Amino acid sequence: MADLVAVWDVALSDGVHKIEFEHGTTSGKRVVYVDGKEEIRKEWMFKLVGKETFCVGAAKTKATINIDAVSGFAYEYTLEIDGKSLKKYMENRSKTTNTWVLHLDGQDLRVVLEKDTMDVWCNGQKLETAGEFVDDGTETHFSVGNHECYIKAVSSGKRREGIIHTLIVDNREIPELPQ
């Protein structure tokens, strides 16, 4: 990895993925790794600028690395996810998902709720869920190991805040990971 020029960590519903990019500025070589696995390899390219597009994660999210010349032999590398800059994508994602990290049965768990679909993911696996209406909102029930879990959705009563989602594991509230 002598030509490693950029590394990004991308948080998706199925986990945090590491994207690494090698760019040989003399040979034009381009290599993209996702989670340590080679996705793209191009040797001897005469065009040193351009784009490389590939997929990331279980949902096959589209990612593009843009290679631009800034001056002389200096290059700038930017990552786009689903057609948005990584920064924009992550800002938007914090509005459409909730993430909790907890320690259960000796292992670290990352639970993600996709608010638009109400899908629940735990450490990269989409979980079976059952929705239920309750007096003050809804509960989305699932289990992790032999632990009973649910995500409670209640109205904040404020239009700007919208719905508040809370993860409950074994009748204990888990704090949300700040985005």
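Please read these numbers as outputs of a predicted model, since none were measured by experiment.
Rounded to the nearest 0.5 Å, atoms CG (Asp14) and CD (Gln125) are 9.0 Å apart. Thr64 OG1 to Phe54 CZ: the interatomic distance, rounded to the nearest 0.5 Å, is 7.5 Å. One distance of note links OG1 of Thr140 with CG of Asp119; it measures 10.0 Å at 0.5 Å rounding. Distance check, rounded to the nearest 0.5 Å: OH of Tyr33 to CD of Glu38 gives 5.0 Å. Atom CG of Asn123 and atom CD of Gln107 lie 6.5 Å apart (nearest 0.5 Å). Here the OG-CG distance, from Ser13 to Leu113, works out to 9.0 Å after rounding to the nearest 0.5 Å.
The hydrophobic cluster containing Ile164 does not contain Tyr150, counting ILVMFWY residues as joined when their side-chain heavy atoms lie under 4.5 angstrom apart, directly or transitively. Residues Tyr77 and Val49 share a hydrophobic cluster, clusters being chains of Ile/Leu/Val/Met/Phe/Trp/Tyr side chains in contact below 4.5 Å. Cluster annotation: Trp121 is not connected to Leu167 through the hydrophobic network of ILVMFWY side chains, with a link wherever side-chain heavy atoms come within less than 4.5 Å. Follow the hydrophobic side-chain contacts under 4.5 Å out from Val111 and you never reach Val101; the two are in separate clusters. Hydrophobic clustering keeps Leu109 apart from Ile168 (ILVMFWY residues linked when any side-chain heavy atoms are closer than 4.5 Å, directly or through intermediates).
Using modelled atom types, one side-chain atom of Thr96 and one backbone atom of Arg93 make a donor-acceptor pair closer than 3.5 Å. At distances below 3.5 Å, not a single donor-acceptor pair connects side-chain atoms of Lys62 with backbone N or O atoms of Thr53.
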Contacts under 3.5 angstrom, residues 142-149 side chains, donor-acceptor by atom type, not counting sequence neighbours:
residue: His147; atom: ND1; partner: Asp170; partner atom: OD2; Å: 2.4
residue: His147; atom: NE2; partner: Asp105; partner atom: OD1; Å: 3.0
residue: His147; atom: NE2; partner: Asp105; partner atom: OD2; Å: 2.9

Please tabulate, for side-chain N and O atoms in residues 80-88, each donor-acceptor pair with protein atoms closer than 3.5 Å (sequence neighbours left out).
residue: Glu80; atom: OE2; partner: Asn66; partner atom: ND2; Å: 3.1
residue: Ser85; atom: OG; partner: Lys88; partner atom: N; Å: 3.2
residue: Lys87; atom: NZ; partner: Glu91; partner atom: OE2; Å: 2.8

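In this structure, the side-chain contact (heavy atoms from CB on, under 4.5 Å) partners of Asp108, at least two apart in sequence or on a different chain, are His103. Residues forming a side-chain hydrogen bond (donor to acceptor under 3.5 Å, both in side chains) with Asp136 (at least two apart in sequence, or on another chain): Lys152. Taking Tyr75 as the reference, His23 meet the ring-ring contact (aromatic ring centres under 6.0 Å, His included) condition, with sequence neighbours excluded. Listed by chain and number, the residues in a side-chain hydrogen bond (donor to acceptor under 3.5 Å, both in side chains) with Glu76 amount to none (sequence neighbours excluded). Judged as a side-chain contact (heavy atoms from CB on, under 4.5 Å), and not counting sequence neighbours, the contacts of Glu132 are Val134, Glu139, His141. For Lys29, the side-chain contact (heavy atoms from CB on, under 4.5 Å) test picks out Asp3, Glu22, Ser27, Val31, Arg41, Glu43, with sequence neighbours left out. Residues passing the side-chain hydrogen bond (donor to acceptor under 3.5 Å, both in side chains) test with Thr129, sequence neighbours excluded: none. Taking the side-chain contact (heavy atoms from CB on, under 4.5 Å) definition, one finds that Ala130 meets it with nothing, sequence neighbours left out. Here Glu52 pairs with Arg30, Lys42 under the side-chain hydrogen bond (donor to acceptor under 3.5 Å, both in side chains) rule; sequence neighbours left out. Lys37 is linked by a salt bridge (charged side-chain N to carboxylate O under 4.0 Å, His left out) to Glu39, counting only residues two or more places apart in sequence or in another chain.
Minimum interatomic distance between Thr78 and Trp8 (heavy atoms only, all atoms of both residues): C-CZ2, 4.0 Å. Heavy-atom minimum distance, Thr99 versus Glu176: O-CG, 3.2 Å. The heavy-atom pair separating Gly162 from Ser156 by the smallest distance is O-OG, 2.7 Å. Between Leu79 and Ala63, the shortest heavy-atom distance links the atoms CD1-CB, 4.3 Å.
In summary, of the residues considered (Val169, Val112, Ile151), a side-chain contact (heavy atoms from CB on, under 4.5 Å) with Trp100 occurs for Ile151 alone.
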Please lay out, stage by stage, how Lys115 and Ile163 fare under the test side-chain contact (heavy atoms from CB on, under 4.5 Å).
CA-CA 10 Å; Lys115 295 182 206 174; Ile163 296 170; over 6 Å; no
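Asn171 CG: 12 or fewer foreign heavy atoms inside a 6.0 Å radius.
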